Asker: 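Mind looking over this structure? Questions follow.
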Amino acid sequence: MSGNVVHLHKATDPPTSDTAPTLLTVVPDAPPARPVPLWVRSGRAIKTGVTHETTRATVRAAARHGLYTFNGGRIVARRAWDGRTGSRYERMIRAAEAAGNLEAAEEWEERLQRFRAARHHRRMDLLHSPVEAAKGVAVGAGMSIGVLVALGVVMAISTGHVGDVVTPLSATVDFIALLIRIVQVVWGPALSIGPFLALLALWSVGRKQHAAPAWALPANVRNSEGEPITPSIVVKALRDLGVPALARAIKEMGDAGASMLGPITIAGCGVEVDVTLPSGVATNEVQAKRRKLAENLTRHEHEVFITIPQAARTVRLWVADSGALDEPIGPSPLVTDDTMTADYIKGKAPWGQDLRGDAAALSLYQRHLLITGLSNQGKTVALRSLALWLSLDKSVQFLMGDLKGAGDWNMFDGLATTLIQGPTDEHVIQVTEMVEGAVNEMNRRLQAPPGTVFPPLIVLVDEAQVAFMCPAKGTGKDKRPYGGAKADSRYFMAVRKIHNQGRAVNVLMWQGTQDPTNENLPKLVREGAHTRASLALGTESQARMALGDKAVDGGAAPNLLRPGLDRGTLVVASDGITIPAGQSSITVRTHYIDDDAATAITDRAKALRDGVTTLHAIDHSTEHDPLADIAAVIGDAPRVRTKDVLARLAARNGDAYGDWSFLDLKRVLDDADASPYKSDGVMVVSRDRVARALANRDGEGSASAE
């Protein structure tokens, strides 16, 4: 019998993999998870349901429409109370007194007295109205019955039946009975539906006024339109501005700060309100918080403007409708009106629109001009639009230098006496000599007999910072630099001389620069301009360079304009444009005139003139031919006034003709048998006479040579 051998001693050798026994490890089952309490599961479900977007939207909608109805009732009740009482007038009186506007307060008080007198008259009429009403009813009833009986008599005579006398009267009674039955049928449903219709009307009023908190409004209204500007919103925005003295004063006011506000009036694409600050709060504290104030009013920073009017401790807030400033304005009248002309002395250039949406027009009469801003913000277009308007006055002459040379001023070729375009040092030299020639013309005019009237001469330099930064110096004995801001700088001194005396004889300096600094726009030059305008700038210090301390301290802030987005928007400081009382500047959104439209305008301007020969470089030759130069400046015109010939000669060669008078011109023409003569009461030079004199001279020269 066979069997297995069981060893009773312990083996000393470790078992091999083939002989090793299999070890089984018993892992106990994990204990069952503790059940989540019912109250936890219920809380999670409730939280999920409450925080779900559908639930939130439902709650917002319910709150919104309920508050529309409730606040609509408040609005209707307030309107009814204002209509029945003098509270509206009293509120306006308090606001005017708080703003220090006593004239407005007196006017509202007078209106209140008239309202009370009219209300008293109506109440007195009520004492007599029952008797008068009874008399009226009796007379009306008697006349109606008489008319119906008369009509019945006519019918009875016509038909021969006596009973027809009462037929109209009985028909009227039947009609009245029918109306009574209709009212009886409708009255019950009307009583049931009436309250719902009243609630619907209140809801409609509240919905139109967005009379609900911002969190309950629809997303498109909450994010796009912004809240309507109301007195309570303005006061709350000021209270939360972060000025402790202002917040304390508002909390201590019995009317919760309403007395600080003047009337909120519609102003263009926004609203305007004057705020009289309480004692202890300075106007610059509010100005410095412009961004926070705008956000408190649910607006962007560029949609709120803060200026300082004449009244003490008062700031004027202009708040745009949300997104309104991003909409373009209409085309320029220069483009839409082909019959428009200009008047240098009495007219104003249509430049654009102010923030109220009103037309902004600028007078250019005897005013030096400076426009500056960052690059590619619309400076050249803004400057060019003024020149385009002025070109429609045929008496105006232009000397132009474009130190960018991109062709922005090409349309003035054939219109300007001189047009130099290019960015190099050589172009700066040419422009400098052009400005110096204008100085010579100014000196000639200053030495003319008193009472002499001179045509306007506009000396325009675009990208003038290139001239101020030019390192070129004169050659030979004259080593004076062309650029710079010192007394030996030729361009700087020429501009200064025109600024000092040019406006007296209608020689005006217009300059356009970019990114101003003390180096590329010297202080004496920028302060010599009567009209200073700035597009978007980078810093407040640049804004002060562009517009001056007074304008910036008064609220002008071109540094807060948005580069790129506010292209073409200018902050202007000038007495040549209508600025609201108490303000030192105005913001203008200029019309955009493209190159094609500008060319069409200059074509109209050229048609007004007899023909202008445009020089593209300054003639440096020492030898000159007066008769040939006279023929050149006359151009294609059949005749030109002698004073215009003198001005064109001086611009052509200031060294040779800058000091010429009428006698010098007459001497040359008399010697050539081309004497000037009178036409329409003014002395003119004939193109044909000068051409004939040149032909005769050239013929004599050829004959003598033979």
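Just so it is clear, the structure is predicted and the values come from calculations on it, not from any experiment.
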Asker: Can any side-chain N or O of R641 pair as donor or acceptor with the backbone N or O of V682 at less than 3.5 Å?
Answerer: no
Asker: Do L508 and L369 have side chains that approach each other closer than 4.5 Å (heavy atoms only, starting at C-beta)?
Answerer: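 In short, these two side chains do not touch, never coming nearer than 4.5 Å.
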Asker: Return the orientation label for the Y657 and W660 ring planes: parallel under 30°, perpendicular over 60°, tilted otherwise.
Answerer: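 Geometry flag for W660 against Y657: perpendicular rings.
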Asker: Counting only heavy atoms from other residues, nucleotides and ligands, does the tally under 6.0 Å from CG of D594 exceed 12?
Answerer: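 Yes.
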Asker: Identify the residue among V461, I458, V525 that makes a side chain to side chain contact (heavy atoms under 4.5 Å, CB included) with M509.
Answerer: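 Option passing the side chain to side chain contact (heavy atoms under 4.5 Å, CB included) with M509: V461.
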Asker: How many angstroms lie between atom OG of S534 and atom CD of Q377, to the nearest 0.5 angstrom?
Answerer: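 Separation between the atoms: 10.0 Å.
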Asker: Would you mind reporting whether K666 and M683 have side-chain heavy atoms less than 4.5 Å apart?
Answerer: no
Asker: Show, in sequence, the C-alpha distance, side-chain angles and deciding distance for T432 and V428, and conclude whether the side-chain contact (heavy atoms from CB on, under 4.5 Å) test is met.
Answerer: CA-CA 6 Å; T432 301; V428 172; 4.0 Å; yes
Asker: Work out which heavy atom in H591 is nearest to a heavy atom in P350; give both atom names and the distance.
Answerer: CD2-O, 4.2 Å
Asker: Looking at L386, T531, I371, V459, which hits side chain to side chain contact (heavy atoms under 4.5 Å, CB included) with W510?
Answerer: L386
Asker: State whether the number of non-hydrogen atoms from other residues, nucleotides or ligands found under 6.0 Å of K606 atom NZ is greater than 12.
Answerer: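 Atom NZ in K606 is packed in, count exceeds 12.
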Asker: Find the distance between OG1 (T372) and CG (L383) and round it off to the nearest 0.5 Å.
Answerer: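 Separation between the atoms: 11.5 Å.
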Asker: Check whether any side-chain N or O of T613 sits under 3.5 Å from a backbone N or O of V633 as a donor-acceptor pair, and report yes or no.
Answerer: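 Pair absent, no side-chain N/O of T613 close to backbone of V633.
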Asker: Using a cut-off of 6.0 Å, state whether more than 12 heavy atoms not belonging to K643 lie near its atom NZ.
Answerer: yes
Asker: If you take all heavy atoms of L570 and A382, which pair is closest and at what distance?
Answerer: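 Answer, listing the atom of L570 first, then A382: CD1-CB, 3.9 Å.
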Asker: Would you give the length of the straight line joining atom CG of D488 to atom CE of M493, rounded to the nearest 0.5 angstrom?
Answerer: 9.5 Å
Asker: Which atom names give the shortest non-hydrogen contact between L694 and A631, and what distance separates them?
Answerer: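 So the two residues come closest at CD1-CB, 3.6 Å.
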Asker: With a 4.5 Å heavy-atom cut-off, do R689 and L669 have their side chains touching?
Answerer: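 Contact flag for R689/L669 side chains = no.
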Asker: Does the side chain of L665 reach to within under 4.5 Å of the side chain of P676, using non-hydrogen atoms?
Answerer: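 No, their side chains stay 4.5 Å or more apart.
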Asker: Using the rule given for side-chain hydrogen bond (donor to acceptor under 3.5 Å, both in side chains), can you reason through N559 versus R544, listing the C-alpha separation, both sets of side-chain angles and the distance that settles it, and then say yes or no?
Answerer: CA-CA 10 Å; N559 53 301; R544 293 184 180 276; over 6 Å; no
Asker: Within the distance-only criterion (no hydrogens, no angle test), does the side chain of R526 pair as donor or acceptor with the backbone N or O of L521 below 3.5 angstrom?
Answerer: yes
Asker: So do I429 and C470 actually touch side chain to side chain, heavy atoms under 4.5 Å?
Answerer: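 Not in contact.
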Asker: Search all heavy atoms of I329 against all heavy atoms of G352 and return the closest pair with its distance.
Answerer: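 Smallest interatomic distance, heavy atoms only, reads CD1-CA, 4.4 Å.
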Asker: Parallel, tilted or perpendicular: which describes the rings of H499 and H368, with under 30° parallel and over 60° perpendicular?
Answerer: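 Ring orientation of H499 relative to H368: tilted.
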Asker: Taking the side chain as every heavy atom from C-beta outward, state whether R667 and D670 have any atom pair closer than 4.5 Å.
Answerer: no
Asker: Could you grab the distance from atom OH of Y491 to atom CE of M469, nearest 0.5 Å is fine?
Answerer: 14.0 Å
Asker: Using atom types as modelled and distance alone, determine if a side-chain donor or acceptor of N506 lies under 3.5 Å from a backbone N or O of F454.
Answerer: yes
Asker: Do you know which two heavy atoms are closest between P423 and V466, and how far apart they sit?
Answerer: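 Looks like O-CG1, 4.0 Å.
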Asker: Do side-chain atoms of Y344 reach the backbone of Q366 as a donor and acceptor pair under 3.5 angstrom?
Answerer: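 A pair under 3.5 Å: yes.
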Asker: Can you find a pair of side-chain heavy atoms, one from Q287 and one from I308, that are under 4.5 Å apart?
Answerer: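 Q287 vs I308: side chains touch.
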Asker: Do R445 and T452 touch side chain to side chain, with heavy atoms closer than 4.5 Å?
Answerer: no
Asker: Between D462 and K379, does a salt bridge (charged side-chain N to carboxylate O under 4.0 Å, His left out) hold up when you go through it step by step?
Answerer: CA-CA 9 Å; D462 196 11; K379 166 183 56 62; 3.1 Å; yes
Asker: Exactly one of T569, T307, D566 should register a side chain to side chain contact (heavy atoms under 4.5 Å, CB included) with T587. Which one does?
Answerer: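 In the set T569, T307, D566, the residue that makes a side chain to side chain contact (heavy atoms under 4.5 Å, CB included) with T587 is T569.
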Asker: Report, as yes or no, whether the 6.0 Å neighbourhood of atom CG on D549 holds more than 12 heavy atoms from other residues, nucleotides or ligands.
Answerer: yes
Asker: Is the number of heavy atoms from other residues, nucleotides or ligands under 6.0 Å of K404 NZ greater than 12?
Answerer: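 Buried by this count: over 12 neighbours within 6.0 Å.
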Asker: Within the side chain of W351, is there an N or O that forms a donor-acceptor pair under 3.5 Å with the backbone of S385?
Answerer: no
Asker: Taking the side chain from D664 and the backbone from S661, do they hold a donor-acceptor pair closer than 3.5 Å?
Answerer: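 Pair found, side chain donor or acceptor close to backbone of S661.
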Asker: Would the distance check show the side chain of Q421 and the main-chain N or O of D402 forming a donor-acceptor pair, the cut-off being under 3.5 Å?
Answerer: no
Asker: R532 side chain to M545 main-chain N or O, any donor-acceptor pair under 3.5 Å?
Answerer: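 Indeed, once roles are kept as given, a pair shorter than 3.5 Å links the two residues.
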Asker: What is the minimum heavy-atom distance between T614 and A416, and which atoms define it?
Answerer: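 T614 and A416 have their closest heavy atoms at OG1-O, 2.6 Å.
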Asker: Just to verify, which of I420, L460, L415 counts as forming a side chain to side chain contact (heavy atoms under 4.5 Å, CB included) with M400?
Answerer: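 When side chain to side chain contact (heavy atoms under 4.5 Å, CB included) is applied between M400 and each of I420, L460, L415, only L460 qualifies.
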Asker: Give, for atom OG1 of T418 and atom CD of Q430, the distance between the pair rounded to the nearest 0.5 Å.
Answerer: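 If I round to the nearest 0.5 Å, the distance is 9.5 Å.
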Asker: Go through R648 and V640 one step at a time and tell me if the side-chain contact (heavy atoms from CB on, under 4.5 Å) criterion holds.
Answerer: CA-CA 11 Å; R648 296 177 186 181; V640 178; 4.0 Å; yes
Asker: Tell me whether R290 forms a cation-pi arrangement with F305, defined as NZ or CZ under 6.0 Å from the six-membered ring centre and within 45 degrees of its axis.
Answerer: yes
Asker: Determine whether Q465 and E463 satisfy the following criterion, side-chain hydrogen bond (donor to acceptor under 3.5 Å, both in side chains), listing intermediate values before the conclusion.
Answerer: CA-CA 5 Å; Q465 76 279 353; E463 306 296 341; 2.7 Å; yes
Asker: Passes side-chain contact (heavy atoms from CB on, under 4.5 Å), Y592 versus R567? Steps please.
Answerer: CA-CA 10 Å; Y592 176 72; R567 185 180 288 111; over 6 Å; no
Asker: Please step through side-chain contact (heavy atoms from CB on, under 4.5 Å) for the pair N520 and T513, ending with a clear verdict.
Answerer: CA-CA 8 Å; N520 64 24; T513 69; 5.8 Å; no
Asker: Is it true that a side-chain atom of T602 and a backbone atom of T599 form a donor plus acceptor pair closer than 3.5 Å?
Answerer: yes
Asker: Using a strict cut-off of less than 4.0 Å between a Lys/Arg side-chain nitrogen and an Asp/Glu carboxylate oxygen, indicate whether R692 and D673 qualify as a salt bridge.
Answerer: no
Asker: Nearest 0.5 Å, please: how far is CG in L608 from OG1 in T341?
Answerer: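 Between T341 OG1 and L608 CG, I get 8.0 Å after rounding to 0.5 Å.
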